[in-house]
Each structure stands twice: as structure tokens, then as C-alpha cells.
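The structure appears below as C-alpha cells.
The model shown is predicted, which means the values in this text are computed figures rather than measured ones. When reading the values below, keep in mind they use all heavy atoms of this one structure, side chains included, and skip hydrogens, waters and symmetry mates. Count residues from 1 along the sequence.
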Amino acid sequence: MLITVTRSGGFAGHEKLRALDTSGRADAGELEELAQRAVAPVADGYHYRITVDDEVLDLQDPFLSDAQRTLIRTVLGEGT
């Protein structure tokens with residue numbers, strides 16, 4: 001299994017991309033199970049795509065910051 005992670009943002013705005021091939025690793029089973037759980041949708045959770053000008057951010061409940069949650073509620077007209 002090939003697992004790729006990209007991290008961007010932070011103070012300097014740098015992007016870091018790394019890939020890991022689990023083939024032949026002693027911890028392959030553990031990593032593959034972890035990867036499957038990490039990408040599985042949250043049961044009954046909402047998915048959001050926020051677009052601001054040309055920036056696109058894909059989000060999923062319950063992993064929202066307070067700012068993201070407030071923005072989503074305001075734009076969708078919920079909880080106001």
C-alpha cells in the first residue's frame with residue numbers, strides 16, 4: 001500500500017509531501033489498518049468543501065475548528 005501525506009500551511013507556509021510504501025515493512029499490517037481507519041468516513045458525519053476565491057478546503061465532522069464551524073453555520077444559515 002502506498003500512503004501519501006501532504007502538509008501545508010503553518011507560519012512559513014511551507015509544504016511537505018512524503019510517501020510511504022508499506023511493502024516489506026514489519027509494521028505493514030498496522031500501518032495499513034491505521035490508513036484504512038483514517039480515510040474511512042465518519043458514520044453520519046457531514047463533509048464540507050469551503051471555497052474562498054481560489055482556495056479549496058475539504059473538511060469532515062467532527063474535525064472542524066471553531067472558526068470553520070462558525071463560518072459553515074453562518075454561510076448555510078444554520079444556528080443563527
Which atom of [X] lies closest to which atom of [Y], heavy atoms considered:
X     : Y     : value
Gln68 : Ser65 : OE1-N, 2.8 Å
Arg49 : Asp58 : NE-OD1, 2.7 Å
Gly45 : Asp61 : CA-CB, 4.4 Å

When rounded to the nearest 0.5 angstrom, what is the spacing between [atom1] in [X] and [atom2] in [Y]?
X     : Y     : atom1 : atom2 : answer
Leu31 : Gln36 : CG    : CD    : 12.0 Å
Arg25 : Glu32 : CZ    : CD    : 10.5 Å
Leu59 : Arg69 : CG    : CZ    : 10.0 Å
Arg7  : Leu17 : CZ    : CG    : 11.0 Å
Asp66 : Leu71 : CG    : CG    : 12.5 Å
Leu64 : Tyr48 : CG    : OH    : 6.0 Å

Is there a path of hydrophobic side-chain contacts, each under 4.5 Å between heavy atoms of I, L, V, M, F, W or Y residues, that connects [X] with [Y]?
X     : Y     : answer
Val75 : Ile50 : yes
Val56 : Phe63 : no
Val52 : Leu57 : yes
Tyr46 : Ile72 : yes

Check: If you draw a 6.0 Å radius around CD in Glu30, do more than 12 non-hydrogen atoms from other residues or ligands fall strictly inside?
Finding: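 Not buried by this count: 12 neighbours or fewer within 6.0 Å.
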Note to self: Using a 6.0 Å cut-off, check whether atom NE2 of His47 has over 12 heavy atoms from anything other than its own residue.
What the structure shows: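 For His47, atom NE2 is crowded (more than 12 foreign heavy atoms under 6.0 Å).
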Check: Under 4.5 Å between any side-chain heavy atoms of Thr6 and Glu15, yes or no?
Finding: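 A side-chain contact under 4.5 Å exists here.
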Note to self: Just so I know, are the side chains of Arg18 and Val5 near enough to count as touching, which here means a heavy-atom distance under 4.5 Å?
What the structure shows: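 Not touching, per the 4.5 Å side-chain cut-off.
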